[in-house]
> 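Below you'll find the structure I mean.
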2 protein chains.
Amino acid sequence: MAGSQSIEQLSAVLELFTEQHGLVTVDDIMAALGLTRSTGYRTVRALAETGLIDRVSDEGYVLGPRILELYRQLQTGNPLLAVARPLMMALAAESAKGTAVLLCRSYRDQVMCLHQEMTYGPQEPVSYQVGKPMPLYAGSSSLVVLAALPRPRLQRLYERDAALIAKAGLAKSSEEFFRALKEIRKAGSRVSRGEVDKGRIGISAPFVQGDLGIIGCLSIVLSEAHASDMDISRARLQVVAAADDITRQLAGGERQKAAGVAVKRKAQK
Amino acid sequence: MAGSQSIEQLSAVLELFTEQHGLVTVDDIMAALGLTRSTGYRTVRALAETGLIDRVSDEGYVLGPRILELYRQLQTGNPLLAVARPLMMALAAESAKGTAVLLCRSYRDQVMCLHQEMTYGPQEPVSYQVGKPMPLYAGSSSLVVLAALPRPRLQRLYERDAALIAKAGLAKSSEEFFRALKEIRKAGSRVSRGEVDKGRIGISAPFVQGDLGIIGCLSIVLSEAHASDMDISRARLQVVAAADDITRQLAGGERQKAAGVAVKRKAQK
DNA sequence: TGTTTAAATACCAATATTTGGTACTGTAAC
DNA sequence: GTTACAGTACCAAATATTGGTATTTAAACA
């Protein structure tokens, strides 16, 4: 049961809920998926019973409380977060006011922030918000993740996004692109100033999750106004150490696998 | 497409991910839903493609990044949150350090916190965490929500949960139960001390969402050590005013409905 | 390096679920 | 009271899902 087609359909319903358009009517759903009345209502009712969507008066449906419940289960049950959170809290505790610590990962040719730890006190905004997919080609977080992706995937990305990549000021040719990424890879970390948010400095280092192609990074985001060069290089050391720690712990957590061999399977396709 | 049965199945898969057991194997899923190998793998693959679940090395699957994306869309698109958040921020801004402001609602015979605003500074813990279903029979938030539920539903709840209700010290008989709730309803707010978290005082007031049976509440949670009686009565006034404001704004937001008639349809079933 | 074991996928006819037309109900507007 | 409309019930026809088995792939082993 629950064949792949119905799951796709369900996913299509959930996709109708966007940031701008949070309220979806049954008619919207029927129209978008090409369903008849009966089927439309039935689908919506079934979804509402699971709590994934939620009826709001006569106007339509919004995403439901079950989403929050799942969110919480992800927060508590996800091994990456379990490993990363204490490290992030430690980093935040050692950092100056107005600093943000971010955990991001690759997600569908984009980068998504999974978790943030903020130091006390007022914060300048950070565009990388939890759950918001961000472009791959700007910002220290995106770039270290990008640089860590396997070559064939980068190839495809460049072919598709050459224009975007040029526009982001990252590279004007395929050669330049690969060279730039190679340098980031070699450096093992990346600092960018005001690339995404004016007045912010991002400092990021990558990690790998398990034998699979899940690539992520840890970032420290400083306020440009208050950060000295020494602060930046200190943050860089910290973030690299913490990211390596994540890689190690995630690999170590995989049961018996005592040997440090790792990474055999091909990453993504 | 996406018939109700497949949606149930999908929901059943998501239910396997719990706080304690965040990592689920394909075998777990096949066993839990009684699927054969082929179907099990297919289902899992389809779900992974939507991003709802996410493969973590060889060990199995965890809830995936799509959950975070949906979480964010709920945060930005949900009209209740849109209305409540500014009010909550205002309340938090006016409150003493260590205060938490909570938005909760009824959810499947439980109460779930949808959002929190904390004042700056260290916080004693609050059990009502976002996305965590809480029992209906203790704590000011739960009780004001409970008291606002329609009578027939209360009847069924009492029949089912008489033992729980007695154990929570709420009522030893059906009469006492309804009388206690009636008083809460009449008071329009509720204060409870250390009922859920030691050292915390909860102050809650209910609101209704639209013509439907969605009942929620706004709560201010103070630290028992620092709150004077005056602080408490001030908070009570604030929380009642803000909750009423939510009710009003949610009703007003429903287009033309200029008349203040409202609430015709029966609440839940 | 070659062999064994296990995990995961491809395939396709049988099956069970989904589907959509119409008819029906209750509620709100007129 | 009547009309319009959102939402549901029903059931035979159509379709997607299912589950054996065979096959592929990759890791573990010797």
Side-chain angles (χ1 to χ4, degrees), chain A residues 1-13 23-31 33-49 53-61 150 210-213 251 254-269, chain B residues 1-13 23-49 53-61 210-213 251 254-269:
Chain A
M1 291 131 183
S4 48
Q5 196 150 134
S6 40
I7 291 180
E8 259 175 54
Q9 294 270 345
L10 190 147
S11 182
V13 173
L23 194 62
V24 174
T25 66
V26 181
D27 287 310
D28 291 339
I29 294 172
M30 295 188 321
L33 308 207
L35 305 176
T36 59
R37 276 267 272 302
S38 356
T39 311
Y41 279 111
R42 248 186 319 223
T43 302
V44 158
R45 178 153 32 109
L47 271 173
E49 269 163 21
I53 66 175
D54 196 27
R55 183 155 182 205
V56 175
S57 81
D58 289 336
E59 312 254 341
Y61 289 81
D211 337 357
L212 292 154
E254 284 168 36
R255 299 291 134 71
Q256 59 278 57
K257 214 172 274 185
V261 194
V263 193
K264 285 281 172 49
R265 294 201 173 199
K266 65 171 181 284
Q268 311 252 136
K269 89 176 155 186
Chain B
M1 291 124 184
S4 49
Q5 196 150 135
S6 40
I7 291 180
E8 261 176 53
Q9 294 272 344
L10 190 148
S11 181
V13 174
L23 194 63
V24 174
T25 66
V26 181
D27 287 310
D28 290 339
I29 294 172
M30 297 188 318
L33 307 207
L35 305 176
T36 59
R37 264 209 156 46
S38 352
T39 311
Y41 278 112
R42 249 187 316 222
T43 302
V44 158
R45 178 154 31 108
L47 270 173
E49 269 162 21
I53 65 174
D54 195 28
R55 179 153 185 206
V56 175
S57 82
D58 289 335
E59 313 254 342
Y61 290 81
D211 337 355
L212 292 155
E254 284 168 35
R255 299 293 134 69
Q256 60 278 55
K257 214 172 275 186
V261 195
V263 191
K264 283 281 173 53
R265 295 205 173 198
K266 63 172 182 285
Q268 307 254 138
K269 90 169 162 197

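Every chain is numbered from 1 and lettered A, B, ... according to where its sequence line falls, protein lines coming before strand lines.
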> Would you please confirm or rule out a distance under 4.0 Å between OP1 or OP2 of dT18(C) and any side-chain N or O of Ser6(B)?
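Checking Ser6(B) against dT18(C): at least one side-chain N or O falls below 4.0 Å of OP1 or OP2.
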> Please tell me if the side chains of Tyr61(A) and Val26(A) come closer than 4.5 Å, counting only heavy atoms from C-beta onward.
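The answer is yes, as the side chains (C-beta and beyond) meet within the 4.5 Å cut-off.
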> The side chain of Ser38(A) lies closest to which of these nucleotides: dA10(C), dG21(C), dT18(C)?
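Comparing dA10(C), dG21(C), dT18(C) against the side chain of Ser38(A), the answer is dG21(C).
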> For Asp27(A) and dC5(D), give me the distance from atom CG to atom P, rounded to whole Å.
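Going from Asp27(A) (CG) to dC5(D) (P), I get 12 Å.
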> Does the Ser11(A) side chain pair with the main chain of Ile7(A), one donor and one acceptor, at a distance under 3.5 Å?
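Side chain of Ser11(A) to backbone of Ile7(A): no pair is present.
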> Without decimals, in angstroms, what is the distance between Glu49(A) CD and dG7(D) C1'?
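After rounding, the gap between these two atoms is 14 Å.
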> Is there a side-chain polar atom (N or O) of Tyr41(A) under 4.0 Å from OP1 or OP2 of dG7(D)?
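Affirmative; the distance criterion is met.
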> In Å, rounded to the nearest 0.5 Å, how long is the span from CZ of Arg37(A) to CE of Met30(A)?
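Arg37(A) atom CZ to Met30(A) atom CE measures 6.5 Å (nearest 0.5 Å).
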> Among dG20(C), dA10(C), dT17(C), which nucleotide sits nearest the side chain of Thr39(A)?
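Nearest nucleotide to the side chain: dG20(C).
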> Quick one: on DNA chain D, does Val26(A) or Ile7(A) contact a more 5' nucleotide (nearest heavy atom)?
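With Val26(A) and Ile7(A) compared, the 5'-side residue is Val26(A).
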> Please give, in whole Å, the distance from dT17(D) C1' to Leu10(B) CG?
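Value for this atom pair: 15 Å.
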> Residues in side-chain contact (heavy atoms from CB on, under 4.5 Å) with Ala32(B), at least two apart?
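Partners of Ala32(B) by the side-chain contact (heavy atoms from CB on, under 4.5 Å) criterion, ordered by chain and then number, come out as Leu16(B).
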> In whole angstrom, give the distance that lies between atom CG of Leu47(A) and atom P of dT18(C).
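Those two atoms, CG and P, are 13 Å apart.
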> Over how many whole Å does the gap from Leu35(A) atom CG to dT15(D) atom C1' extend?
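Whole-Å distance recorded here is 15 Å.
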> What nucleotide, of dT18(C), dT8(D), dA7(C), holds the atom closest to the side chain of Arg45(A)?
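Nearest listed nucleotide: dT8(D).
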> Counting only side-chain N and O atoms of Thr36(B), is one of them less than 4.0 Å from OP1 or OP2 of dG19(D)?
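It does, given that an N or O in the side chain of Thr36(B) lies less than 4.0 Å from OP1 or OP2 of dG19(D).
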> Taking side-chain contact (heavy atoms from CB on, under 4.5 Å) as the definition, give me every residue that meets it alongside Ala12(A), ordered by chain and number, with sequence neighbours left out.
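In terms of side-chain contact (heavy atoms from CB on, under 4.5 Å), with neighbours along the sequence ignored, Ala12(A) is linked to Leu33(A).
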> Starting at the 5' end of DNA chain C and moving along, which residue's nearest nucleotide shows up first, Arg37(A) or Arg37(B)?
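So the residue in question is Arg37(B).
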> Using only modelled atom types and a 3.5 angstrom limit, is any donor from either the side chain of Arg42(A) or the base of dG7(D) paired with an acceptor on the other?
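By the distance-only test, no, there is no pair.
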> Using only side-chain N and O atoms of Arg55(A), determine if any of them is under 4.0 Å from OP1 or OP2 of dG7(D).
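Looking at the OP1 and OP2 atoms of dG7(D), one of them is under 4.0 Å from a side-chain N or O of Arg55(A).
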> To the nearest Å, give me how far apart CE (Met30(A)) and C1' (dT8(D)) are.
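Rounded to the whole Å, the gap is 14 Å.
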